[in-house]
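We count ligands from 1, going down the list as the structure has it; atoms in each ligand are counted the same way.
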Amino acid sequence: MDERIQKLKERFEKEISEKKDLSDIDSIRVSYLGKKGSITALLKGMKELDAENRKVFGADVNKLKEYAAKRIEARMEEFRRRQIELEIASMPKFDITAPAAKTMGSYHPITLVQRQCETIFKSMGFTVEDYPEVVTDYECFESVNIPKHHPARDMQDTYYLENGQLLKSQTSAAQNAILRKYGPALKEKGVPIKAIFPGRCFRNEATDASHENTFFQMEGMMVDKNISISNLIYFMKTMLSEVFRKDIKVRLRPGFFPFVEPGFELDISCLICGGKGCPSCKHSGWLELCPCGMIHPNVLREGGIDPDEYTGFAFGLGLTRLAMMKYGIKDIRDLNSGSLKVLSQFTDDE
Ligand code: FA5
C-alpha cells in the first residue's frame with residue numbers, strides 16, 4: 001500500500017478513536033470524505049500517476065474511503081447507543097413491585113353519589129339510561145306537557161342554541177324517549193317500565209350556595225298497572241335511607257310541575273346546619289331535593305301509553321344537592337370549582 005494512503009489511514013484511525021461525541025464525528029466525515037477532504041484529495045491527485053500505478057493506487061484509496069465511511073457509521077451508532085443508555089440511566093426508577101402511590105386521583109363527589117344511587121336503583125330492578133345533553137324543545141318541554149308559551153317555562157331559564165335545540169334544563173327531557181323505548185314491552189309482555197337517567201342540566205341561574213348554572217339531576221320513572229303514590233313514597237324512602245345510612249327528616253309538600261298530577265316537593269332537613277337555617281338551605285332549614293309525582297296522563301299518552309290502563313310515578317332528584325348533603329359541602333359552587341384540594345377528599349368508603 002502506498003505510504004501516503006497508509007499514513008492517512010493511521011491518522012484517520014487515531015482521530016476517530018479520540019472523538020468523544022456525535023457532533024465531533026460529523027467534523028471528521030467532512031475533513032476526510034468531504035469535497036475538500038483528505039481522502040478525496042488523494043483521489044484527485046491520482047491523475048499525476050502513470051496508468052499502472054494509478055490503478056493500484058486508485059483501488060487502495062477507494063478501499064480506504066469505504067473503510068472510513070463504515071468506521072464513521074459504526075462510531076456514530078456507538079455514540080447513539082451510548083446516548084440512549086445515558087437517558088435510560090437518568091430516568092426515574094420504576095419499581096413494579098412497589099405499592100401504588102397514595103395520590104392516585106379520586107372520583108368527584110357527584111360521581112360517587114350518582115354511582116351509589118345507580119347501585120341502589122339497579123338492585124330494585126331499574127335500568128340506568130343515558131341521554132344527550134343537547135335536546136329539542138319537544139323532548140325537554142312539549143312532550144312533558146309544557147307547550148310553547150306555558151308559564152312553567154319561566155321556571156327554567158334555558159340556554160337555546162342557534163339551531164333551535166337547547167341544553168337540557170331538566171332530565172325530564174328523557175321521559176318521552178324512555179316511555180317509547182320500554183312501552184312496547186310493557187304493553188305486550190307486561191314488563192313494568194322502571195328506569196333512572198342521571199344527567200347534567202343547564203339553567204341560566206344566578207348562582208348562590210345552593211344554585212349552579214350547571215348541575216346534575218337523576219330522573220326516575222316507574223309505569224305499570226296500579227302504580228300509586230305509595231309506590232312513589234316507598235322508592236323515595238328506600239333510596240334516601242340507603243344513601244344516608246341514617247335517619248333523616250323528610251317532608252313532602254304539594255308542588256306544581258306540568259308533567260305530574262298530583263305533584264310534590266320532597267325536601268330534606270338541611271344536614272349542613274341540622275335544620276337551624278344556613279346559606280346552603282336559604283335559611284329555611286329545608287333543602288328542595290327531589291320533586292316527584294304521578295305522571296300526568298298527557299305525558300303517558302304522548303309516550304304511546306294508555307293512561308286509562310297504566311299509571312306511573314316520576315321524580316327528579318337533585319344529585320348535586322344530594323352530594324352536598326351527603327358529604328357536608330356547604331357551597332354548591334365548590335363542586336364545579338375544579339379545586340383538587342376540595343374535591344379529592346371524598347371516597348365512597350362507608
Ligand atoms: C325539575 O327539574 C323537574 N323536572 C323535577 C321533576 C321530575 C318533578 C319528575 C316531578 C317529576 P326542579 O326545577 O325543582 O324540578 O329541579 C329538581 C331538583 O334539581 C331540585 O329540587 C334541586 O335539587 C335540583 N336543582 C334545580 N335547580 C338547580 C340549580 N340551579 N342548582 C342545583 N340544583 C338544582
Side-chain angles (χ1 to χ4, degrees), residues 109-110 113-114 117 131 135 139-141 143-146 150-159 166-176 178-179 195-223 227 229 232-233 235-236 239-240 243 250-268 270-271 279-282 284 286-296 298-300 303 311-326 329-336:
I110 297 176
V113 278
Q114 178 180 325
C117 290
Y131 210 70
V135 297
E139 289 164 288
C140 199
F141 298 121
S143 69
V144 287
N145 206 28
I146 310 180
H150 191 289
R153 290 190 181 218
D154 294 347
M155 304 298 290
Q156 301 180 8
D157 195 351
T158 306
Y159 295 109
L166 52 98
L167 298 183
K168 79 174 182 305
S169 56
Q170 53 179 353
T171 42
S172 304
Q175 282 195 10
N176 185 261
I178 300 297
L179 293 176
I196 53 165
F197 23 111
R200 190 168 10 206
C201 301
F202 308 85
R203 291 181 196 175
N204 181 26
E205 297 263 15
T207 58
D208 60 29
S210 60
H211 290 84
E212 255 292 8
N213 49 33
T214 305
F215 56 96
F216 283 79
Q217 288 185 344
M218 194 182 79
E219 196 87 358
M221 291 177 96
M222 178 169 183
V223 182
I227 295 293
I229 296 174
L232 167 63
I233 293 173
F235 282 106
M236 296 293 92
M239 183 264 296
L240 290 173
V243 168
V250 180
R251 74 176 183 191
L252 206 60
R253 58 193 167 90
F256 173 72
F257 302 91
F259 31 89
V260 283
E261 180 56 39
F264 307 100
E265 287 284 2
L266 187 148
D267 305 334
I268 65 167
C270 179
L271 298 176
S280 310
C281 58
K282 289 200 250 167
S284 69
W286 294 95
L287 199 81
E288 279 179 21
L289 186 68
C290 188
C292 49
M294 299 305 293
I295 302 173
H296 196 287
N298 287 354
V299 176
L300 288 174
T311 50
F313 66 77
F315 59 87
L317 173 70
L319 261 189
T320 307
R321 288 197 189 155
L322 188 63
M324 286 173 73
M325 290 298 108
K326 168 138 181 141
I329 299 166
K330 290 189 180 132
D331 196 313
I332 196 169
R333 290 164 289 199
D334 284 339
L335 289 163
N336 285 357

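- When side chains are defined from C-beta on, H296 does not count as touching F257, because their heavy atoms never get closer than 4.5 Å.
- Inter-residue side-chain proximity for R153 and T158 is flagged as unmet; no heavy-atom pair is nearer than 4.5 Å.
- In this structure, T320 does not count as a contact residue of ligand 1, since none of its heavy atoms falls inside 4.0 Å of the ligand.
- For atom 4 (N) of ligand 1, the closest non-hydrogen atom of the protein is Q170 OE1, 2.6 Å.
- Counting protein heavy atoms only, atom 32 (C) of ligand 1 is closest to I332 CD1, 3.4 Å.
- Checked by atom type, the side-chain pair E139/Y131 shows a donor-acceptor distance below 3.5 Å.
- Of the options L317, L287, I268, a side-chain contact (heavy atoms from CB on, under 4.5 Å) to L322 is made by L317 and by none of the others.
- The nearest heavy-atom contact from the protein to atom 25 (N) of ligand 1 is F215 CE1, 3.6 Å.
- Close contacts of ligand 1 with Q217, meaning ligand atoms under 4.0 Å from a residue heavy atom, involve 1 (C), 2 (O), 16 (O), 17 (C), 18 (C), 19 (O).
- Residue contacts with ligand 1: S210 is included, with a non-hydrogen atom under 4.0 Å away.
- Which parts of ligand 1 touch G318 is read off a 4.0 Å heavy-atom cut-off, strictly below it: atoms 19 (O), 23 (O), 24 (C).
- Checking side-chain atoms of R203 against main-chain N and O of S169 turns up a donor-acceptor pair under 3.5 Å.
- Each of the atoms 7 (C), 9 (C) of ligand 1 lies under 4.0 Å from some heavy atom of E219.
- Considering each of R321, Q175, M294, the one bringing a non-hydrogen atom nearest atom 22 (C) of ligand 1 is R321.
- Put simply, part of C292 is less than 4.0 Å from ligand 1, judged by heavy atoms.
- A donor-acceptor contact closer than 3.5 angstrom is absent between the side chains of Q217 and Q170.
- For ligand 1, the atoms sitting less than 4.0 Å from at least one non-hydrogen atom of E205 are 27 (N), 30 (N), numbered in the order shown with element in parentheses.
- A salt bridge is defined here as a Lys NZ or Arg NE, NH1 or NH2 lying under 4.0 Å from an Asp or Glu carboxylate O, and E288 with R253 meets this definition.
- Under the rule for a ring-ring contact (aromatic ring centres under 6.0 Å, His included), the partners of F235 that lie at least two apart in sequence or sit in another chain are F126, F313.
- Closest approach of V223 and I295 over heavy atoms only: CG2-CD1, 3.8 Å.
- Side-chain atoms of T207 do not come within 3.5 Å of backbone N or O of E212 as any donor-acceptor pair.
- Within the listing of ligand 1, atoms 5 (C), 6 (C), 7 (C), 9 (C), 17 (C), 18 (C) sit less than 4.0 angstrom from a heavy atom of G316.
- Within the 4.0 Å heavy-atom cutoff, F264 does not count among the residues contacting ligand 1.
- Close contacts between ligand 1 and E212 involve ligand atoms 29 (C), 30 (N), 31 (N) [criterion: under 4.0 Å to a heavy atom].
- Heavy-atom contacts of E288 reach the following atoms of ligand 1: 21 (O), 22 (C), 23 (O) (cutoff under 4.0 Å).
- Remark: minimum distance from atom 15 (O) of ligand 1 to any protein heavy atom is reached at F257 CE2, 3.4 Å.
- For ligand 1 and R203, the ligand atoms under 4.0 Å from any heavy atom of the residue are 1 (C), 2 (O), 12 (P), 13 (O), 16 (O), 26 (C), 27 (N).
- Checking side-chain atoms of T320 against main-chain N and O of F216 turns up a donor-acceptor pair under 3.5 Å.
- At least one donor-acceptor pair under 3.5 Å links the side chain of R321 to the backbone N or O of S210.
- For atom 14 (O) of ligand 1, the nearest non-hydrogen atom of the protein is P291 CG, 3.6 Å.
- Atom 6 (C) of ligand 1 has its closest protein heavy atom at F259 CE1, 3.6 Å.
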